[in-house]
There are 2 protein chains.
Amino acid sequence: MEHRIERIKKQLHAQSYKLTPQREATVRVLLEHEEDHLSAEDIYLLVKDKAPEIGLATVYRTLELLSELKIIDKINFGDGVSRYDLRKEGATHFHHHLVCMECGTVEEIVEDLLEDVEAIIERDWGFEVKDHRLTFHGICRNCRSSNQSK
Amino acid sequence: MEHRIERIKKQLHAQSYKLTPQREATVRVLLEHEEDHLSAEDIYLLVKDKAPEIGLATVYRTLELLSELKIIDKINFGDGVSRYDLRKEGATHFHHHLVCMECGTVEEIVEDLLEDVEAIIERDWGFEVKDHRLTFHGICRNCRSSNQSK
DNA sequence: ATTATTGCAAATTTTTTGCAGGACC
DNA sequence: GGTCCTGCAAAAAATTTGCAATAAT
């Protein structure tokens with residue numbers, strides 16, 4: 001945990017940004033909720049516990065900064081809200097998501113799975129892939145088995 | 001063009017919705033701009049040419065209805081706006097997109113490409129895939145070649 | 001000192017809702 | 001007559017901006 005904060009601090013410093021207390025509090029919330037997919041508002045409320053004087057605008061500004069530095073990714077699951085997701089350590093590509101249409105759970109997939117597809121895109125479309133967003137919508141394992149027993 | 005309107009009309013009637021003049025005007029705009037990825041506001045402005053008395057709220061309501069019936073798909077490329085994209089005729093899955101980070105052009109990919117990946121998701125995660133969103137971010141063919149000549 | 005960063009309030013942007021009036025069986 | 005649909009205006013939700021005050025180097 002602490003070493004991840006250190007790493008992020010270095011990434012900021014490398015671009016001459018500072019890890020201010022507000023930014024650190026925000027990063028800590030993101031680390032502590034790595035499994036979740038929090039909105040700016042969600043994050044704001046959680047950060048307030050650590051740093052009650054923080055403003056919502058600062059949270060937005062911090063999230064934007066972290067996005068630019070590719071420390072987090074902004075993602076949208078179709079409700080009107082942007083959500084923010086920490087990149088996995090050392091990952092160059094954004095991970096994938098399985099959104100259950102029944103219970104709303106979001107599962108993460110770290111495996112690449114797109115190597116072949118990206119090769120085709122580069123070969124047949126001449127498009128140089130830098131990043132991707134892949135989300136599957138469907139029914140998760142849990143909902144499937146509870147449906148069956150109905 | 002006309003037969004596609006007819007088809008959509010039938011799809012609406014099948015769920016006992018009507019293809020009102022406002023809805024038809026909206027669908028026509030979508031058909032005429034199939035290559036583009038218009039926002040609700042964009043669509044509103046274009047529909048006003050055909051049906052000047054239409055209100056923005058009606059456009060939103062129509063787009064929502066068409067989304068529910070899977071005639072169009074709502075998509076978000078990371079700017080703050082939702083965009084709407086007609087499904088290709090007979091397509092069961094949403095098509096993919098290549099977004100150029102340099103010129104902003106959005107290219108469409110109709111080929112499935114995800115069959116293998118979806119099989120893995122179903123097999124290894126027990127997740128029943130119903131639909132997906134796949135967007136690649138990178139540099140398009142055009143920008144790559146003009147970069148090279150610099 | 002200079003520059004980056006913050007909190008607050010106000011402004012903007014995008015989308016949704018309430019409701020009275022019309023259209024359509 | 002009842003239901004679906006519409007336009008308008010107002011409201012709500014999400015995000016951004018301006019600016020004066022503060023913190024860091």
Side-chain angles (χ1 to χ4, degrees), chain A residues 8-29 37-69 71-85, chain B residues 8-29 37-69 71-85:
Chain A
I8 290 170
K9 190 173 186 172
K10 277 185 195 142
Q11 289 178 266
L12 286 167
H13 286 166
Q15 316 267 343
S16 47
Y17 294 112
K18 298 163 207 163
L19 186 64
T20 64
Q22 291 88 340
R23 287 175 183 166
E24 184 174 335
T26 306
V27 169
R28 282 185 187 279
V29 164
H37 297 84
L38 304 173
S39 69
E41 185 79 29
D42 295 337
I43 295 166
Y44 170 61
L45 293 173
L46 289 165
V47 173
K48 277 190 105 168
D49 293 341
K50 297 184 198 298
E53 69 304 338
I54 202 172
L56 177 57
T58 302
V59 172
Y60 271 103
R61 285 184 284 227
T62 300
L63 293 172
E64 207 208 323
L65 178 61
L66 295 173
S67 286
E68 265 168 35
L69 300 191
I71 294 165
I72 61 176
D73 285 289
K74 195 178 181 180
I75 190 173
N76 193 296
F77 291 125
D79 53 346
V81 211
S82 294
R83 300 181 176 279
Y84 299 86
D85 212 353
Chain B
I8 291 170
K9 191 172 186 172
K10 278 186 196 141
Q11 288 178 266
L12 285 168
H13 286 167
Q15 316 268 345
S16 49
Y17 293 113
K18 296 164 206 160
L19 187 63
T20 64
Q22 290 88 340
R23 285 175 184 167
E24 184 175 332
T26 306
V27 169
R28 283 187 187 278
V29 164
H37 298 84
L38 304 173
S39 68
E41 185 78 28
D42 295 336
I43 295 166
Y44 170 61
L45 293 173
L46 289 165
V47 174
K48 277 190 104 168
D49 292 342
K50 296 184 198 300
E53 68 304 337
I54 202 172
L56 177 57
T58 302
V59 173
Y60 271 104
R61 285 183 284 227
T62 301
L63 293 172
E64 207 208 323
L65 179 60
L66 295 173
S67 285
E68 265 168 36
L69 302 192
I71 293 166
I72 61 176
D73 284 290
K74 195 179 182 180
I75 191 175
N76 192 295
F77 290 127
D79 53 346
V81 212
S82 294
R83 300 180 177 280
Y84 298 86
D85 212 353

Looking at A:Gln22, I'd like to know whether one of its side-chain N or O atoms comes within less than 4.0 Å of OP1 or OP2 on D:dA23. no
What is the distance, rounded to the nearest whole Å, between atom CG of B:Leu65 and atom C1' of D:dC5? 11 Å
With heavy-atom distances below 4.5 Å as the criterion, would you say the side chains of B:Lys74 and B:Leu63 are in contact? no
Set of residues satisfying salt bridge (charged side-chain N to carboxylate O under 4.0 Å, His left out) with respect to A:Lys9, sequence neighbours excluded: none
Would you mind classifying the nucleic acid contact of B:Glu41 as base, sugar-phosphate or nothing, using non-hydrogen atoms under 4.0 angstrom? nothing
Sort me out a list of protein N/O and nucleotides 23-25 of chain C N/O pairs below 3.5 Å, or just none if empty.
none

Roughly how many Å is it from CG in A:Asn76 to P in D:dA13, rounded to a whole number? 17 Å
For A:Glu53, answer base if it contacts any base atom (sugar-phosphate contacts may also be present), sugar-phosphate if it contacts only those atoms, and nothing otherwise; contact means non-hydrogen atoms under 4.0 Å. sugar-phosphate
If you only use heavy atoms from C-beta on, which nucleotide in D:dT15, D:dC5, C:dT5 is closest to the side chain of B:Tyr17? D:dC5
Assign each of A:Ala51 and B:Arg61 the nucleotide of DNA chain C bearing its closest heavy atom; nearer the 5' end lies the nucleotide of A:Ala51
Check against side-chain contact (heavy atoms from CB on, under 4.5 Å), B:Thr58 and B:Thr20: CA-CA 11 Å; B:Thr58 302; B:Thr20 64; over 6 Å; no
Using a 4.0 Å heavy-atom cut-off, does A:Ser82 contact any base of the nucleic acid, only the sugar-phosphate backbone, or nothing at all? sugar-phosphate
Atom OG in A:Ser67, atom CG in A:Asp85: separation rounded to 0.5 Å? 10.5 Å
NA contact type, A:Ile54, heavy-atom cut-off 4.0 Å: base, sugar-phosphate, or nothing? sugar-phosphate
Interatomic distance, A:Glu64 CD vs C:dT5 P [rounded to whole Å]: 13 Å
Just the rounded figure in Å: distance from P of D:dT15 to CG of A:Leu56. 9 Å
Among D:dT6, D:dA9, C:dT6, the one nearest any side-chain atom of B:Ala57 is D:dA9
For atom CZ of B:Phe77, is the number of surrounding heavy atoms from other residues, nucleotides or ligands below 6.0 Å larger than 12? yes
If the cut-off is 4.0 Å, is B:Thr58 near the phosphate of D:dT6, judged by side-chain N/O to OP1 or OP2? no
Would you say D:dT15 has OP1 or OP2 under 4.0 Å from some side-chain N or O of A:Tyr60? yes
In whole Å, I'd like the distance from the CG atom of B:Asp42 to the P atom of C:dT13. 14 Å
Hey, what do you get for CG (A:Asp42) to CZ (A:Arg83), rounding to the nearest 0.5 Å? 6.0 Å
One should read off an interatomic distance between B:Asn76 CG and B:His37 NE2, to the nearest 0.5 angstrom, of 12.5 Å
Between C:dT16 (C1') and A:Asp79 (CG): distance, integer Å: 15 Å
